[in-house]
Amino acid sequence: MTSVRLVVRGRVQGVGFRWFVRDAADAQGVTGWVRNLRDGSVEAELHGSDAAVQAVLDAMAAGPLGSRVDRVDVTAAAAQPGAGFSIRST
């Protein structure tokens, strides 16, 4: 089980990035959440198997059409049991 918190910087708001992350997480069976931050970045927390979390991280590094990912800062997070993946408000 892997749990990470990350902040994605670049052109990641106004391009469907949060929905892209939710779809990638759902496809991999990863739980957690994603939200926009006021500084224009996107924050997320991912929980799942090593391979599944890495697949979502790889998708996020590429981003959806129209986005530009300049940097992804990843840190370890405490495991949070839960079901599903949610989009949180800013």
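- Heavy atoms only, all atoms of each residue included: His47 and Gly32 are closest at CD2-CA, 4.0 Å.
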Tell me which donor-acceptor pairs under 3.5 Å the side chains of residues 74-90 have, and how far apart each pair is, sequence neighbours excluded?
residue, atom, partner, partner atom, Å
Thr75, OG1, Arg5, O, 3.4

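- Smallest separation of non-hydrogen atoms from Asp70 and Gly10: OD2-CA, 3.4 Å.
- Residue Leu37 is not grouped with residue Val12 when hydrophobic side chains (ILVMFWY) are merged at heavy-atom distances under 4.5 angstrom, including chains of intermediate members.
- Counting only heavy atoms from C-beta outward, the side chains of Phe17 and Met60 approach each other to under 4.5 Å.
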Worked check of side-chain contact (heavy atoms from CB on, under 4.5 Å) between Leu57 and Leu6: CA-CA 9 Å; Leu57 289 171; Leu6 57 131; 3.8 Å; yes

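- A salt bridge (charged side-chain N to carboxylate O under 4.0 Å, His left out) check over residues 16-37, counting only residues at least two apart or in different chains, returns the pairs Arg35-Glu43.
- Residues Ser67 and Val15 come closest through the heavy atom pair CB-CG2, 3.7 Å.
- Side-chain heavy atoms closer than 4.5 Å link hydrophobic residues (I, L, V, M, F, W, Y) into clusters, and following such links, possibly through other members, connects Val4 to Val21.
- Of all non-hydrogen atoms in Asp39 and Arg9, the two that sit nearest each other are OD2-NH1, 3.4 Å.
- A 4.5 Å side-chain heavy-atom check between Gln54 and Thr2 finds every atom pair outside the cut-off.
- A donor-acceptor pair under 3.5 Å is absent between the side-chain atoms of Gln13 and the main chain of Arg38, judged by distance alone.
- Following chains of ILVMFWY side-chain contacts shorter than 4.5 Å, one can reach Val34 starting from Val69, so the two form part of one hydrophobic cluster.
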